[in-house]
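So the structure is just underneath, and the comments pick up after that.
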Amino acid sequence: MIDREFHLQDHDLYLEAFKLAVQIPRGKVSTYGAIARALGDISASRTVGQIMSADRQRPFEVPCHRVIYSDGRTGWYTGMGQGAERKREMLRSEGVPILNDMVQDLETAVFVDFSGDAPLRRMAESQREIASLVSQEGDATRFQRLAALDVSYRGDEAFAAMVVVDREGSVIEERTARCPVNFPYVPGYLGFREMRPYTAAMGKPREDTLYLIDGHGRAHPRRAGVACQFGVVHGVAAAGVAKTILAGAMKGDSLILDGEEAGRLVRSCDGRTYFASVGHRASLGTVCRVLTALPVNPMALAHRLATKRGRSAV
DNA sequence: GCGACAG
DNA sequence: ATCTTGTCGC
Ligand SMILES: [Mg+2]
């Protein structure tokens, strides 16, 4: 049984990363990658850099200056004034040996003995469970409505929009929602950032609706992109409609992942191209036919509405 | 130095 | 995803 709440929660990855960074003792350094590993996935290393530099409320003092590149370069610091030099000075004053912009004898100076519960590892496990529950079958006959969903952001606030069109392309419903999000973008974990806002905007899940999600479905490293999470958690038909590739490579019009077709290139009526993939309960063929046949592009409408809501928000 | 990592 | 641009007034 999947833990729906786990996928709908606002996991605070900022706090998790801060709780790790604060463990680095004076006189030592650690790396963005080491903290990412302690969070549960090395893929989050760039995100860790972004978290450390984020201008955000912190519940305690976080020694961001002790987090450096894995090759020993001290890198940037956005404290105030001359960032990079200030970072080097702070480390020197703590007893870390530095020559030019490199920490010397990194082996000795690096701290990697973090303690934490690796939230991303648990999330990846849960995604594998989602992947095992995805149905890749379903024809278009029951879909009276196509609901496109997208999210825009302003700081830590998400603005989700759903635009529903019928098969003739008329807009028949629009909904928006606003909620705080404390989970940053991490490649492979988009669902844990956007499921909550999507869910707040979707209203009551409907059987006669194919939900079109801005992001991938099965075209994901664990075959469990945000569209799969959305489909399985809500038990609805869903498809991933992404603007760029996350994983795999194109062969003709097919997106191939581990030798299997995980997605397909589609073109909407306005000429935009998307990578479509199965989310849940609708086949890849069905999804592509529906998207191609629509006389409007609901993805663009949802994107515009989400952006508009974010900009007009107080 | 380049490539690559949805949004 | 967001921000940037140019220019003005406070
Ligand atoms: Mg989006």
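Chain identifiers are assigned alphabetically (A, B, ...) following the order of the sequence lines, protein sequences preceding nucleic acid strands; residue numbering begins at 1 within each chain.
- Rounded to whole Å, the distance from CZ on A:Phe192 to C1' on C:dA1 is 19 Å.
- Look at A:Arg88 and A:Glu85 and you find a salt bridge, because one of the NZ, NE, NH1 or NH2 atoms lies within 4.0 Å of a carboxylate O, short of that distance.
- Note on A:Asp117 versus A:Arg122: salt bridge recorded, some NZ/NE/NH1/NH2 to OD/OE distance being below 4.0 Å.
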Distances under 3.5 Å between protein N/O atoms and the N/O atoms of nucleotides 6-8 of chain C, please, pair by pair.
none

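- Contacts classified as salt bridge (charged side-chain N to carboxylate O under 4.0 Å, His left out) and involving residues 232-253 of chain A (residues at least two apart or in different chains) are given here: A:Asp214-A:Lys243.
- Every pair tested for salt bridge (charged side-chain N to carboxylate O under 4.0 Å, His left out) that includes a residue from residues 43-64 of chain A fails, sequence neighbours excluded, so the list is empty.
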- Using a 4.0 Å cut-off on protein heavy atoms (strictly under), produce a 5'-to-3' string for nucleotides 2-7 of chain B with B for base contact, S for backbone-only sugar-phosphate contact, and - for none. ---BBB
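- Linking Ile, Leu, Val, Met, Phe, Trp and Tyr residues whenever their side-chain heavy atoms come within less than 4.5 Å leaves A:Val278 and A:Leu255 in two separate clusters.
- A:Phe183 places its CZ atom 18 Å from the P atom of C:dA1, with the value rounded to the nearest Å.
- Nearest heavy atoms, A:Leu284 versus A:Ala276: CD1-O, 3.6 Å.
- Here C:dT2 presents its P atom at 7 Å from CZ of A:Arg311, a figure rounded to the nearest Å.
- Applying the under-4.5 Å side-chain rule to Ile, Leu, Val, Met, Phe, Trp and Tyr, the cluster around A:Tyr274 extends to A:Phe143, A:Leu146, A:Val163, A:Val165, A:Val171, A:Leu210, A:Leu212, A:Val241, A:Val266, A:Val287, A:Val290, A:Leu291, A:Leu294, A:Val296, A:Met299, A:Leu301, A:Leu305.
- Residue pairs meeting the salt bridge (charged side-chain N to carboxylate O under 4.0 Å, His left out) criterion with at least one member in residues 219-240 of chain A, sequence neighbours excluded: A:Arg223-A:Asp258, A:Arg223-A:Glu260.
- Pairs of residues two or more places apart, or lying in two chains, that qualify as ring pair (Phe, Tyr, Trp, His ring centres under 6.0 Å) and include a residue from residues 219-261 of chain A are A:Tyr211-A:Phe230, A:Phe230-A:His234.
- Between A:Arg128 and A:Glu125 there is no salt bridge, since none of the side-chain N atoms of the basic residue sits less than 4.0 Å from a carboxylate O of the acidic one.
- Evaluation of the salt bridge (charged side-chain N to carboxylate O under 4.0 Å, His left out) test over residues 157-179 of chain A, restricted to residues two or more places apart or in two chains, returns A:Arg145-A:Glu173, A:Glu157-A:Arg178, A:Glu173-A:Arg175.
- Legend: side-chain hydrogen bond (donor to acceptor under 3.5 Å, both in side chains) pairs involving residues 303-314 of chain A, not counting sequence neighbours, sorted by first then second residue: A:Thr176-A:Arg309.
- Qualifying ring pair (Phe, Tyr, Trp, His ring centres under 6.0 Å) partners for A:Phe114, counting only residues two or more places apart in sequence or in other chains: A:Phe111.
- Where pairing requires Watson-Crick or G-U contacts shorter than 3.5 Å, DNA chain C shows no helical stem with at least three consecutive pairs.
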- Using Watson-Crick or G-U wobble pairs with both distances under 3.5 Å, give me DNA chain B in dot-bracket, 5' to 3', with [ ] for crossers and | for pairs to another strand. .......
